[in-house]
Each structure stands twice: as structure tokens, then as C-alpha cells.
Participant: 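Below is the structure I would like to discuss, written out as C-alpha cells.
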Amino acid sequence: MSRLKSTFNKAMTFVQTAETVVCAIGLSITTLLIFAQVVNRYWLHFEIMILGDLALYCFIFFMFIAAAVATWNESHVSVDILKAKVLQGKPMSLAVHRVAMVLLSIGILCLLLPPVHRFLLRAIEYPEYGTLVRWFNTSWLMETFAFGMILVLVHLLVLAVRDVKNLRALRATRDRGDT
Amino acid sequence: MELGMVLGLVAFFAGIFVGLPLAWVFLGCSALALFLTGNSLTFMAGAAYHAIDSYILMAIAFFIFAGNLMAEAGIADYLVRFAHSLVGKMRGGLVDVGIVATLFMSALTGSSVPCIAALIPLLVPRLERFGYQKRYTTAVLCSSSFLGYLIPPSVPVLMYCLVAGQSVAAVFLATIIPGLLLASGYMVLNHFMAPHYMIPGVEAPAIPEAPAARVKEIGVSLWYALPALGTPLIVLGGIYGGICTPNEAGALAVVYTALVGLFVYRQLTRRSVWSTFKTTIATLGMITLLLGFGTVFTRLLIREGVAQAFAGGMIQAFQNKYVVLLMLNILLLIMGMFIDGIPILLIVVPLIVPLVSEFDINLVHLGAMVVVNVGLGVVTPPYAMSIFVGSRLSGVPYEDLLKPMMFFLLFVGLPVLFLTTYLPALSCWLPTITVGPQIVGPW
């Protein structure tokens with residue numbers, strides 16, 4: 001069991017690193033393509049029309065993967081009044097709140113999955129090629145969107161497992177304290 | 001409005017109140033409203049996907065990346081020295097250094113939190129040694145961080161342009177005069193407040209008295225700060241010189257900042273660049289989720305006639321442009337007290353555009369007004385991002401920062417908001433003479 005756990009943890013670390021590396025490469029390529037567009041225009045006096053579109057495709061691609069990075073990083077925006085005013089100083093309640101929020105997030109994301117699935121099937125069935133970048137199938141980006149949402153779900157599930165574990169540990173500590 | 005939509009909106013406020021991440025609130029209440037009104041959920045995937053397909057969003061990504069690189073590049077020290085040479089001699093001038101340095105940092109980072117993250121650790125301990133109370137200098141820096149939203153390139157302005165479909169060049173210029181007014185107001189108020197927050201018996205540092213020595217100090221400090229100050233020059237010169245589009249200016253800013261950080265200031269290391277990538281990617285991911293699902297929500301509001309109903313209700317209730325503007329300000333200020341800037345822009349702008357169009361309010365003017373409001377939200381408790389960050393960085397308790405910050409909010413922030421709202425010339429004059437009346441429109 002512990003070997004399985006360790007393999008899973010290693011796999012998740014690998015996934016997280018891979019996502020960050022893919023996004024970093026994507027951001028760098030997007031920046032350089034746009035930079036090259038300006039350099040071409042003013043320095044080489046030769047506008048390569050495809051650069052702008054190619055940069056946009058690259059940007060969209062890494063932004064959907066970045067959504068997964070933001071999920072495991074927990075860099076979300078929320079209004080924390082309830083936590084700050086009502087739950088402050090109550091570790092058990094805070095832990096329950098965390099579990100509830102992550103489970104609710106998973107539930108909500110699951111509502112999006114059927115429409116994303118239909119969107120994905122349509123993208124696969126009807127490939128759309130770029131106007132300027134003729135070899136680029138923009139359906140790949142729609143597929144990346146679906147893939148990104150699955151990655152988000154996986155990370156939310158991992159967070160849920162972690163939060164439930166924390167809650168159980170807190171409860172165990174409290175019970176030990178009571179006895 | 002259908003009952004399903006009303007229940008969706010109730011779920012929206014309930015979700016916000018319980019502290020569910022806003023992206024999931026947007027998605028959840030949209031799904032609920034669609035389900036209850038008997039509509040298909042299919043449009044959600046397409047709307048979320050297409051929200052990311054935008055060149056302006058690419059510009060936002062570049063400015064965030066360049067801002068984070070700047071914060072890591074160690075330029076704050078040079079900017080502080082330059083600001084000190086300019087205003088250090090005035091009464092309370094050492095605190096004015098912080099305000100002027102924030103003004104410069106705003107033009108480099110395009111946001112508020114990176115400004116204070118770079119300046120508080122640098123300035124607060126130094127000013128304490130020179131006799132200024134920590135809670136006062138932290139409060140001034142936190143209040144001034146709002147300038148990050150007003151001095152271009154500004155990420156909230158880009159977001160406004162993305163949602164309202166306005167010219168980036170025009171709205172960038174629209175917030176400059178309110179920003180400068182705010183900085184001047186802060187400096188004037190600081191002149192009167194600083195003496196009340198001094199630590200007794202501590203000597204201020206000596207500043208060269210002779211004019212020649214002062215001019216030399218200004219020259220030397222400007223020379224060191226010049227590479228950093230090149231970023232806003234590239235961005236603004238590029239956009240207003242018609243050389244490049246906002247996203248191209250963003251890419252140039254990233255490349256220039258990286259070169260300056262690596263080869264001029266030499267503070268960017270492999271580790272700090274990797275950390276900048278990680279911070280930027282996490283922020284962009286958060287924006288992807290917010291913008292994608294926020295677009296689903298706002299499309300639904302428009303499709304179901306909520307925006308039109310809101311506009312109709314406001315027109316019927318107030319029937320006067322000035323009262324409507326006042327009500328919008330109150331709404332935005334209250335939202336700013338609880339919600340972060342980008343979600344406010346995503347929720348409110350699509351709702352109020354039909355309303356302001358009825359009253360012939362210029363959308364560039366509206367942009368300035370909305371961004372000033374969103375900026376005030378950063379410094380308005382209880383949910384004031386800059387106070388949270390400032391308190392954590394300086395070690396001053398949150399409550400201790402509130403009193404001095406309230407002075408800056410009441411005597412400078414709100415009057416500037418009032419002026420921006422009721423004097424359209426303040427925001428529309430500069431864009432009109434720069435980018436032309438055909439882009440700005442009548443005001």
C-alpha cells in the first residue's frame with residue numbers, strides 16, 4: 001500500500017512539473033514569436049503573416065494547461081469573510097470547510113464535463129484548419145481544453161484526498177486530547 | 001426574469017459568501033440557472049473555450065510576466081534612490097519617496113501587489129531607522145499601491161478593454177491623470193500627517209544642501225534607474241507611436257526586462273527566473289479559469305436579459321445620469337470591499353454597458369471610473385489585498401494599518417473617484433488629444 005502511495009505521489013509530482021515546464025515553454029515561445037514579429041517588421045522589413053496566429057495558438061494551448069497548475073497551486077480567488085470572521089481559530093471547522101469547498105468544486109466541474117465531452121467529439125469529428133497557419137488544426141486546441149479540464153479534475157481530487165486526510169488527522173488528534 | 005435565473009443569482013451570492021473559489025461560483029450558478037430554466041448546458045464549453053482566444057488576454061499575460069520579472073530583477077533599490085533624490089528633501093519627504101517609487105513601480109509592473117511586495121521590505125525598515133513609524137510607512141505604501149492599477153500598463157485596464165471592447169490605447173491614457181492626482185494628493189496629505197507618526201528622538205538622514213550636489217545626485221540616480229525606466233518607455237512609446245500593438249508592446253517589455261535583469265542589474269538568476277515562471281503561470285491559470293467561467297456567467301446574464309433588466313430598473317428608479325453614476329460607484333465600492341478586481345470587472349462591466357449606453361456615457365470615461373473603483377477596492381477593508389500583503393510583509397497588524405489608510409482613502413481616494421466620475425474631461429481629454437476623438441467618442 002505504501003509503495004502504491006509513493007508511486008502515486010511521484011507520478012503527481014511528475015505531472016505537476018511537466019505541466020509547469022510545458023507552460024513555461026509555451027509562454028517563452030509565445031513571447032519570442034511576438035517579439036520576432038516586431039523584429040521582422042522593423043528590422044528585416046519582412047512581415048511573416050503566420051507568426052501572430054501561431055503565437056495565439058501557442059498561447060491558448062498553454063493557458064489551458066496553466067489552469068491545471070493554478071488548481072494544484074490553489075491560486076484561486078475567493079471571498080474569505082466566512083473563514084476570517086466565523087471559522088478563525090477553529091481548526092476543525094476550517095478543515096471541514098476546506099473539504100466542503102473542494103468537494104463542491106469537483107461537483108461543479110463534473111457538471112461541465114458532459115458539455116466538454118460533446119465539444120471534444122465535435123472538434124475531433126470536424127477538424128478546422130487555421131486561416132494563415134494552414135497546417136494547424138485548431139481542433140487540437142479544443143482537445144487541449146478538454147484535456148486541461150480533466151487535469152483540473154485530477155488535481156481537485158488529489159486536493160480532496162489531502163484535505164480529507166487532514167480532517168481525519170485533526171479529528172484523531174482531538175479525540176486523543178478528549179480521552 | 002425567470003425563476004431559474006433568480007435562483008441562479010441567489011446561488012451566486014451564496015457561493016461567494018461561503019468562500020467557494022469564484023471560478024467555480026461562476027460555473028456552478030450558470031449550470032444551475034441553465035438547468036432550472038430548461039436550457040441545454042452545451043453552450044458552457046464553447047463560451048469558456050472562446051473566452052481565452054484573445055490577443056488582449058495575451059497582452060495581459062505579457063504584462064504580468066514582465067511585472068513579475070521586474071519585481072525579481074532588483075530594480076526597486078535604484079528607483080527608491082532616484083525618488084529620494086527628487087522628493088527626499090520635502091517635509092515628510094522620505095515617505096514621499098515611497099509614493100514616487102510606487103508611481104514608477106506601477107509603470108513597470110502594471111499591478112498593485114508586486115509594487116508593495118518589492119517596496120515594503122526595502123523601505124519600511126529604512127524609514128523606521130529615520131524616525132517614521134512602521135505602521136505609517138506601511139499604510140502609505142499600501143494606499144499608494146492602488147497606483148499600480150492606474151498608471152499604464154495596467155492589467156485591470158486591459159481586462160476592462162477585453163470585456164467592454166474598448167481601445168487599449170485610449171483607456172490606458174484615461175487613468176493617467178486620476179493616477180497623478182492621486183499621487184499628488186497622497187503627497188500633500190503626507191506632508192500634514194507624517195509629523196504625527198514620527199518616533200521621537202530619531203534623526204532624519206542628511207540630504208545634500210548645495211544645489212550642485214543635489215543635481216549631481218539626481219543625475220547619478222537617474223542614470224542607474226534609467227534601464228528600468230526604459231520598460232514603460234518601450235510600452236507607451238510603442239503603443240502611442242503606432243509602432244506596435246499592446247500585445248507586441250507586452251512581448252517587447254518581457255524581452256527588455258529579461259535582458260535588463262540578466263545583463264544590466266544582474267539580479268536575475270536561473271532560480272529567480274524559474275520562480276517568476278511559476279508565479280506567472282499560476283496567475284495566468286487563475287485568470288483562465290476566472291475568465292473562461294466568468295464569460296459563461298456573463299453571457300448567460302446577457303442572454304437571459306438580466307443586464308437589460310438591470311439597466312431598465314436603474315433607469316426607471318433614478319432617471320438621472322449623475323445619480324446613476326453615483327449608484328454605480330456605490331455598487332462598485334461595496335463589491336470592491338469583498339471581491340478582487342478582475343472578477344468585479346468580469347461581473348459588472350457587461351451588466352452596466354447597456355445602462356451607460358442609454359445615458360450616453362463615454363465608455364473610455366466609464367473605464368477610468370471603473371478602474372479607479374476597482375483600485376480603491378484593493379485598499380478598502382475588510383477584503384483589501386494590499387493591506388493583507390502589506391501587513392504580512394512588514395509585520396504590522398492589519399488593524400494598525402486601518403486608521404492611517406482610512407485618512408488616505410477618505411481625503412484623497414474618494415475625492416479622486418468623485419472627480420473622475422463627474423469630470424469626464426479628467427479621463428477623456430488626454431486620450432482625445434492623443435489617439436483622436438474618433439476613437440474616444442463624444443464626452
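Just so it is clear: chains get the letters A, B, ... in the order the sequence lines come, proteins before strands, and each one is counted from 1.
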Participant: Between B:V296, B:L41, B:V255, B:T245, which residue shows the highest count of heavy-atom pairs closer than 4.5 Å to chain A?
Facilitator: B:V255
Participant: Would you find more than 12 non-hydrogen atoms of other residues, nucleotides or ligands less than 6.0 Å from A:M12 atom CE?
Facilitator: yes
Participant: Please classify the contact of A:H117 with chain B as side chain, backbone, both or neither, using a heavy-atom distance under 4.5 Å.
Facilitator: neither
Participant: Side-chain contact test, heavy atoms from C-beta onward, threshold under 4.5 Å: evaluate it for B:F62 versus A:I34 and give yes or no.
Facilitator: yes
Participant: Once rounded to the nearest 0.5 Å, what's the spacing between atom CG of A:L111 and atom CG of B:L34?
Facilitator: 10.5 Å
Participant: Would you say that B:V18 contacts A:M101 through its side chain, given a criterion of any heavy-atom pair below 4.5 Å between the two side chains?
Facilitator: yes
Participant: Could you give the distance from CE (A:M63) to CG (B:D53), rounded to the nearest 0.5 Å?
Facilitator: 11.5 Å
Participant: Keeping B:T288 on the side-chain end and A:A67 on the backbone end, is there a donor-acceptor pair under 3.5 Å?
Facilitator: no
Participant: Do B:W24 and A:I106 have side chains that get closer than 4.5 Å, going by heavy atoms?
Facilitator: no
Participant: Find the one option among B:M44, B:M58, B:M286 whose heavy-atom pairs under 4.5 Å with chain A are most numerous.
Facilitator: B:M58
Participant: Tell me which of these, B:G15, B:S54, B:G250, B:C244, has more heavy-atom pairs under 4.5 Å with chain A than the rest.
Facilitator: B:S54
Participant: What part of B:L32 gets closer than 4.5 Å to chain A, counting heavy atoms only: side chain, backbone, both or neither?
Facilitator: neither
Participant: Among B:I281, B:T42, B:I342, B:T283, which has the most heavy-atom pairs under 4.5 Å with chain A?
Facilitator: B:I281
Participant: Under a 4.5 Å heavy-atom cut-off, does chain B meet the side chain of A:T71, its backbone, both or neither?
Facilitator: side chain
Participant: Pick whichever of B:Y55, B:F293, B:W274 has the most heavy-atom pairs under 4.5 Å with chain A.
Facilitator: B:Y55
Participant: Name the region of A:V22, side chain, backbone, both or neither, that has any atom closer than 4.5 Å to a heavy atom of chain B.
Facilitator: neither
Participant: For the residue pair B:A48 and A:F145, what are the closest heavy atoms and their distance?
Facilitator: CB-CZ, 4.0 Å
Participant: Taking atom OH of B:Y398 as the centre, does the number of heavy atoms from other residues, nucleotides or ligands within less than 6.0 Å exceed 12?
Facilitator: yes
Participant: Minimum heavy-atom separation for A:Y42 to B:G242, with atom names?
Facilitator: OH-O, 3.9 Å
Participant: Which heavy atom of B:P21 sits nearest a heavy atom of A:S105, and at what distance?
Facilitator: CD-OG, 4.3 Å
Participant: If I measure from the heavy atoms of chain A, does B:F43 come under 4.5 Å with its side chain, its backbone, both, or neither?
Facilitator: neither
Participant: Quick one: are B:V254 and A:F35 in side-chain contact, heavy atoms under 4.5 Å?
Facilitator: no
Participant: Do A:L27 and B:F277 have side chains that approach each other closer than 4.5 Å (heavy atoms only, starting at C-beta)?
Facilitator: yes
Participant: So which part of A:A55 gets closer than 4.5 Å to some heavy atom of chain B, the side chain, the backbone, both or neither?
Facilitator: both
Participant: Could you name the residues of residues 149-164 of chain A that have a heavy atom within less than 4.5 Å of a heavy atom in chain B?
Facilitator: A:M149, A:V152, A:L156
Participant: For chain B, which candidate among A:V116, A:L120, A:L109, A:N73 shows the most heavy-atom pairs at distances under 4.5 Å?
Facilitator: A:L109
Participant: In the structure I gave you, are the side-chain heavy atoms of B:L284 and A:F62 within less than 4.5 Å of one another anywhere?
Facilitator: yes
Participant: Give me the ring orientation class for A:F119 and B:Y49: parallel if the planes are under 30° apart, tilted from 30 to 60°, perpendicular past 60°.
Facilitator: tilted
Participant: Output the option from B:G292, B:A282, B:A23 having the highest count of non-hydrogen pairs under 4.5 Å with chain A.
Facilitator: B:A282
